[in-house]
Amino acid sequence: RGGSAQVPTDAPFRIASITKVFVAVVVLQLVEEGKLGLDDDVSAHLPGYTLEPATVRQLLNHTSGIPDYTLAAGFTKELLEHRDRRWTTAEVLALVQGKEPQFPAGTGYAYSNTDYILLGEVINSVTGTSWVQQVRDRILDPLRLRGTYIAGFEPALRPVVPGYFDADNDGDIENVETGRPWTALETSEGPAGAIVSTVPDLLVFGDALFRGRLLEDSTLRRMVADGPFHPRFTNYGFGVEILRPDYRTTIWGHGGFLPGFKSVLWYVPSRDAVIVVLANDARANPSDLAELVMRTLPVHTESP
């Protein structure tokens, strides 16, 4: 995007909510190690917890009913106007403090970035180190993801590419990146969406996850199992979207959106293929391109 400038294949993009897959892997590894239980109450790990009662499972699959802090009035405007502000977790959670839950925990589904902010805090509590350190030690360094970093919490390896977004609602898109860290965006997103990565790194991560190098087979099956409260063509497991665009082919992965960026990471079991599409234009639809790529690949087995 942007005249004749070509984007290198290893360019760094904000991958937004694909971050949640990394965080979910850490949580599920802690479950495998017996340090955490899926049905643990969040309050058992977070002294002073004051939001609605919820379990680790309900945070992972967005059945907690806790409102999404990113939908708070004026939130995006605040990020654009005060780019250098460093948000704390307490300030993020304050945006939904006292808000009515969307439904009693465990009785419905609603995607909420707040769920993953809380999972980051649970990781901190259980391990005694930050969720950032756990993602690095358990995933980024072992897989040698040299182009991936957690923006706002680690030094930037390279500035992200320009990102185009209609920030002032005038019908025209503009580059909302300055070449400098966007501290407000990065620290408010945290475990819900702060990671910056590249296509090659995400291909390595997707391959490692969905081919069983990060989780035990039984855990991976639970991660990608259909959750409740969903129509047939779209679902959500533990930090993983489950899509069936033609009602037959199953896709596991996640999409992401932040001002100026859209992304998808897919694994298609019937093609045994990892597909990654990163876009730096908020008007793009990377899922469409990912599906076109998928249709070109031979079918190896029946979809689950």
Side-chain angles (χ1 to χ4, degrees), residues 1 9 13-25 28 57-58 60-63 68 102 108-113 115-116 192-193 195 197-215 217-258 261-304:
R1 179 70 175 86
T9 56
F13 286 71
R14 298 192 188 278
I15 65 169
S17 286
I18 296 175
T19 299
K20 294 180 175 68
V21 187
F22 290 77
V23 172
V25 167
L28 292 171
R57 180 192 306 273
Q58 290 161 352
L60 282 168
N61 65 10
H62 296 299
T63 60
D68 186 346
Q102 298 175 85
Y109 167 88
Y111 188 89
S112 176
N113 287 283
D115 290 336
Y116 277 72
I195 289 180
S197 192
T198 67
V199 168
D201 275 11
L202 288 177
L203 288 171
V204 170
F205 171 62
D207 182 89
L209 172 58
F210 295 113
R211 293 186 177 127
R213 291 169 53 204
L214 293 176
L215 295 170
D217 287 346
S218 59
T219 304
L220 182 59
R221 286 196 297 272
R222 295 172 83 181
M223 185 183 200
V224 301
D226 286 351
F229 319 116
H230 293 268
R232 185 174 171 222
F233 63 89
T234 180
N235 213 298
Y236 203 95
F238 294 156
V240 173
E241 294 171 348
I242 304 158
L243 308 173
R244 295 183 181 89
D246 58 3
Y247 296 94
R248 293 183 300 113
T249 307
T250 297
I251 297 163
W252 302 330
H254 216 292
F257 166 78
L258 281 175
F261 296 90
K262 283 189 175 178
S263 54
V264 294
L265 164 64
W266 282 3
Y267 176 69
V268 188
S270 63
R271 272 75 167 179
D272 190 28
V274 179
I275 300 171
V276 174
V277 180
L278 304 180
N280 62 331
D281 185 331
R283 303 169 303 177
N285 191 338
S287 295
D288 283 353
L289 180 55
E291 187 170 349
L292 287 173
V293 171
M294 180 185 76
R295 300 296 173 200
T296 70
L297 302 174
V299 176
H300 294 292
T301 60
E302 287 297 313
S303 295

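Just so you know, residue 1 is the first one in the sequence shown, and it goes up from there.
Phe205 places a side-chain heavy atom less than 4.5 Å from the side chain of Leu214. Proximity of Ile275 to Val264: side-chain heavy atoms (C-beta onward) are nowhere separated by under 4.5 Å. With a 4.5 Å cut-off on side-chain heavy atoms, Arg57 and Arg222 count as touching. Residues Lys20 and Asn113 meet the side-chain proximity criterion, which asks for heavy atoms closer than 4.5 Å. Taking the side chain as every heavy atom from C-beta outward, Val293 and Arg271 never approach each other to under 4.5 Å.
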For this session: Check the pair Leu209 / Leu220 against side chain to side chain contact (heavy atoms under 4.5 Å, CB included), numbers first and verdict last.
Result: CA-CA 8 Å; Leu209 172 58; Leu220 182 59; 4.2 Å; yes
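For the atom pair OG of Ser263 and CD1 of Ile18, the computed distance is 3.5 Å after rounding to the nearest 0.5 Å. Here Phe238 contributes atom CZ and Asn61 contributes atom CG; the two are 5.5 Å apart, rounded to the nearest 0.5 Å. Within the model, atoms CH2 of Trp252 and CG of Leu243 stand 12.5 Å from one another, a figure rounded to the nearest 0.5 Å.
Under the 3.5 Å distance criterion, the side-chain polar atoms of Lys262 are matched with a main-chain donor or acceptor of Ala284. At distances below 3.5 Å, at least one donor-acceptor pair connects side-chain atoms of Thr19 with backbone N or O atoms of Ile195.
The aromatic rings of Tyr236 and His254 stand perpendicular to each other, their planes meeting at an angle above 60°, with 30° marking the opposite boundary.
Listed by chain and number, the residues in a side-chain hydrogen bond (donor to acceptor under 3.5 Å, both in side chains) with Tyr267 are Asp272 (sequence neighbours excluded).
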